[in-house]
Number of protein chains: 2
Amino acid sequence: MLLITNEDIQGMLKRNDLDLAEVNRRIERTYQDLGHGRAVYSPKHQISAPLPSQFHRDGFLDETFKVGTLQGLVESSGYFALRMKLDIQYRLATTHEKYCIEPGMFCGLVLLVDLRNAEPIALMNDGLIQHLRVGATDAVAADYMARRDAEVLGIYGSGGMARSHAQTIACVRKLRKIKVYSPTRDHRETFAAEMEEELGIEVRAVETPEELPLDCDIIAECTDAIIPVLTDRCVMSGVHITGSGGHFTPGAMDRLDAVVLHQAVSGSTVFNYTTGPQGAEMGGGMRFRGGKIGANGDVEPSVHIPDDERARHPGVRGTLAEMVTGVFPGREGEREANYFFNDCGTGIQFATIAGQVYETARALGDVHEIPTDLLTQTIRD
Amino acid sequence: MLLITNEDIQGMLKRNDLDLAEVNRRIERTYQDLGHGRAVYSPKHQISAPLPSQFHRDGFLDETFKVGTLQGLVESSGYFALRMKLDIQYRLATTHEKYCIEPGMFCGLVLLVDLRNAEPIALMNDGLIQHLRVGATDAVAADYMARRDAEVLGIYGSGGMARSHAQTIACVRKLRKIKVYSPTRDHRETFAAEMEEELGIEVRAVETPEELPLDCDIIAECTDAIIPVLTDRCVMSGVHITGSGGHFTPGAMDRLDAVVLHQAVSGSTVFNYTTGPQGAEMGGGMRFRGGKIGANGDVEPSVHIPDDERARHPGVRGTLAEMVTGVFPGREGEREANYFFNDCGTGIQFATIAGQVYETARALGDVHEIPTDLLTQTIRD
């Protein structure tokens with residue numbers, strides 16, 4: 001079994017060993033598989049418990065142990081993946097934070113399994129795969145929904161997610177220019193310099209968020225900002241807007257002609273299991289109540305079924321699986337302003353991208369290995 | 001992170017480094033935690049897909065890729081565990097079989113996480129832990145439900161599960177004798193010789209299943225046999241019957257005065273996610289239908305809610321969590337014939353026992369390690 005770190009994957013990306021156009025194609029096939037009943041995933045599963053008081057850190061509020069899992073398998077890719085995040089979540093005065101082991105460290109892992117023989121073949125950091133899965137899914141949506149002649153991409157944000165979006169969207173449209181806005185000057189200018197070097201096209205940092213949308217054909221929102229960045233100015237004739245945030249200012253969404261959803265409601269439903277009678281603060285400002293454990297040990301989740309204004313928009317056409325299997329077209333006319341709502345992740349994205357990372361690592365050699373015979377057994381259970 | 005194999009755990013058991021009385025006590029506390037809302041687990045989750053035809057093996061029928069997961073956390077133990085089984089399931093002419101990688105090999109893994117800081121601290125084979133979790137849970141139930149003066153234990157079966165039951169039940173009652181029946185003479189005689197040596201009490205192999213119950217105070221069913229072994233002869237005045245099978249001959253269950261269930265219905269409900277419109281053969285002779293994937297990618301599980309005659313017995317008192325928190329007594333009178341129905345496993349059992357195995361391994365040293373810094377990351381997701 002291979003042990004593949006973010007540094008290994010970073011190396012593959014730097015040297016172009018991991019083909020991003022192929023990442024996009026595989027993600028497209030994955031959602032075609034899903035639409036045809038040849039891929040399947042389970043909704044997000046979260047188990048949590050308030051941290052016992054003796055382990056509390058000074059100033060950290062509402063500390064909660066939480067494990068979140070996603071699972072999925074994709075027949076065309078040939079892989080199953082289990083992705084797990086291990087977190088202590090907490091609040092500071094005004095922000096939601098998390099860590100694993102100690103503040104500043106995080107742990108997300110992908111266990112990759114071969115569909116042909118159920119062999120566990122790799123354990124990986126999930127950080128870069130996480131950026132790629134969102135970027136590639138948005139790129140596939142953009143390939144269907146952006147104008148054919150789209151050539152200017154605007155990005156809100158300058159972190160890893162912004163980077164993956166520049167890389168993957170550049171594979172589906174012949175971009176002439178990328179514009180980037182991020183509140184910290186140094187961040188946006190570093191991003192612009194590095195991406196200009198990497199992609200060989202003009203990448204320009206703009207000074208204000210208002211300047212960004214002007215002359216953009218595609219706008220990608222790649223920021224954690226809770227303050228809405230998608231204003232009326234963004235929802236222009238002919239634009240395609242994408243990204244996982246979907247933070248529109250009031251009224252801006254009304255200007256959209258069409259919306260496509262990443263997944264159906266059942267897929268984005270979250271099952272929360274937590275100790276205590278009251279549920280727990282789950283991070284992100286949402287408090288899920290309703291889950292309970294009876295005195296008889298009866299364990300009921302609190303089920304968080306999304307009811308999102310973005311998914312209730314009158315212009316919703318359907319899901320990504322439907323769009324990539326031809327149920328409806330991605331764009332109707334040159335003037336349509338449309339939006340892809342890329343909500344929470346799926347296990348099938350991780351199966352597909354981790355599978356390609358694994359194949360690349362195998363071809364390259366030079367990664368850590370865990371002897372598989374330590375993981376298998378002769379006991380049948 | 002430690003990598004702990006069945007061989008490591010076997011060594012701990014052989015040298016008495018892993019204290020089985022302590023295993024029992026921790027499992028008892030785990031179900032007390034559950035009854036008080038301080039432990040939580042999610043029901044079994046299974047994701048499957050029929051094996052693509054090009055990977056089929058000759059003579060193997062209905063080959064299916066399947067991953068099953070259990071998750072749970074226990075505040076008193078201080079651990080969370082994710083247990084996953086990776087299987088190719090198939091049928092031969094008359095039996096259900098499975099393997100991982102190749103026939104004769106299996107893969108079940110437990111990922112153990114520290115509740116205090118979310119650190120992944122161990123990855124383990126699940127085979128011996130699986131035997132211990134069933135044995136210890138049955139031993140806790142026996143401690144409440146068997147007569148105080150019980151001294152003869154009868155066991156159907158001579159495999160790893162029979163062994164763990166002899167070991168754990170010997171911790172809760174002062175046994176004078178163990179009787180064992182298994183269809184293969186060599187198996188039952190080897191078991192008797194080895195356990196007599198290990199436990200220092202008489203262990204006698206009997207020639208026929210009918211001989212077993214005579215003079216037994218506790219009967220443990222530790223066999224995969226589909227043919228019922230629990231006959232009228234087993235349901236005697238004053239007896240306690242336990243085990244995960246619960247295969248009673250017709251009418252024998254009517255003679256039981258009382259039944260206690262391992263868990264409430266919500267805990268033993270199974271969520272199945274599978275490709276294709278029809279569901280799939282899931283092994284064990286059960287076919288779960290109803291799950292579906294819509295053309296829009298809408299993923300619905302088929303939910304298998306148990307409706308078992310053993311759980312519908314008129315003598316059902318409640319669950320293990322209720323019994324160990326004092327909601328009802330384990331036994332009413334010396335003549336009561338009672339039964340503990342230990343149905344499918346829970347993540348909290350794995351969290352507790354894997355936690356104790358981990359502590360033992362840490363104290364002993366000398367196990368494989370995976371550098372934890374390969375598993376953590378600075379990317380926040």
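Just so you know, these numbers come straight off a predicted model, no measurement behind them. To find a chain, count down the sequence lines: A is the first, B the second, and so on, and within it residues start at 1. For the numbers below, each heavy atom of this structure counts, side chains included, while hydrogens, waters and symmetry mates do not.
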Item to complete: Check each atom of A/Gln263 against the heavy atoms of chain B and say whether the ones under 4.5 Å are side chain, backbone, both or neither.
Response: neither
Discussion item. Please classify the contact between A/Thr372 and chain B as side chain, backbone, both or neither, with a heavy-atom cut-off of under 4.5 Å.
Written reply: side chain
Discussion item. So for A/Leu320, is it side chain, backbone, both, or neither that comes closer than 4.5 Å to the heavy atoms of chain B?
Written reply: neither
Fill in: Heavy-atom contact with chain B under 4.5 Å, split by part of A/Ile4
neither
Item to complete: Measure distances from A/Leu123 to the heavy atoms of chain B and classify the residue's part below 4.5 Å as side chain, backbone, both or neither.
Response: side chain
Worksheet item: Given that the side chain runs from C-beta out, which part of A/Arg38 has a heavy atom under 4.5 Å from chain B: side chain, backbone, both or neither?
Response: backbone
Worksheet entry | Contact origin within B/Met84 toward chain A - heavy atom pairs under 4.5 Å | side chain
Discussion item. Is B/Ala295 close to chain A through its backbone or its side chain, or both, or neither, when contacts mean heavy atoms under 4.5 Å?
Written reply: both
Item to complete: Side chain from CB out, backbone as N, CA, C, O: work out which of these in A/Lys98 comes under 4.5 Å of a heavy atom of chain B, or both, or neither.
Response: both
Practice prompt. Say whether, by atom type as modelled, one donor and one acceptor occur between the side chain of B/Asn125 and the main chain of A/Leu375 under 3.5 angstrom.
Written response: yes
Discussion item. On a heavy-atom basis, which atom in A/Tyr41 and which in B/Gly297 lie closest, and how many Å separate them?
Written reply: OH-O, 4.1 Å
Worksheet item: What class does the angle between the rings of A/Phe65 and B/Phe80 fall in, given that below 30° is parallel, 30 to 60° is tilted and above 60° is perpendicular?
Response: tilted
Discussion item. Using heavy-atom distances under 4.5 Å, tell me whether A/Leu109 contacts chain B through its side chain, its backbone, both, or neither.
Written reply: side chain
Worksheet item: Where does A/Leu3 contact chain B at under 4.5 Å (heavy atoms): side chain, backbone, both or neither?
Response: side chain
Worksheet entry | Heavy-atom contact with chain A under 4.5 Å, split by part of B/Asn6 | side chain
Worksheet item: Which bit of A/His36 is near chain B, if near means a heavy-atom gap under 4.5 Å: side chain, backbone, both or neither?
Response: neither
Discussion item. Does atom CZ (B/Arg116) have a neighbourhood of more than 12 heavy atoms from anything else shown, all under 6.0 Å?
Written reply: no
Response to the item:
When the 4.5 angstrom heavy-atom criterion is applied to A/Ile101 and chain B, the contacting part is both
Discussion item. With a 4.5 angstrom heavy-atom cut-off, is it the side chain or the backbone of A/Thr69 that approaches chain B, or both, or neither?
Written reply: side chain
Worksheet item: What part of B/Pro371 lies closer than 4.5 angstrom to a heavy atom of chain A: side chain, backbone, both or neither?
Response: neither
Worksheet entry | chain B contact via A/Glu97 - which portion, at a heavy-atom distance below 4.5 Å | both
Worksheet item: How close do A/Gln377 and B/Asp126 get, heavy atom to heavy atom, and via which atoms?
Response: NE2-OD1, 2.6 Å
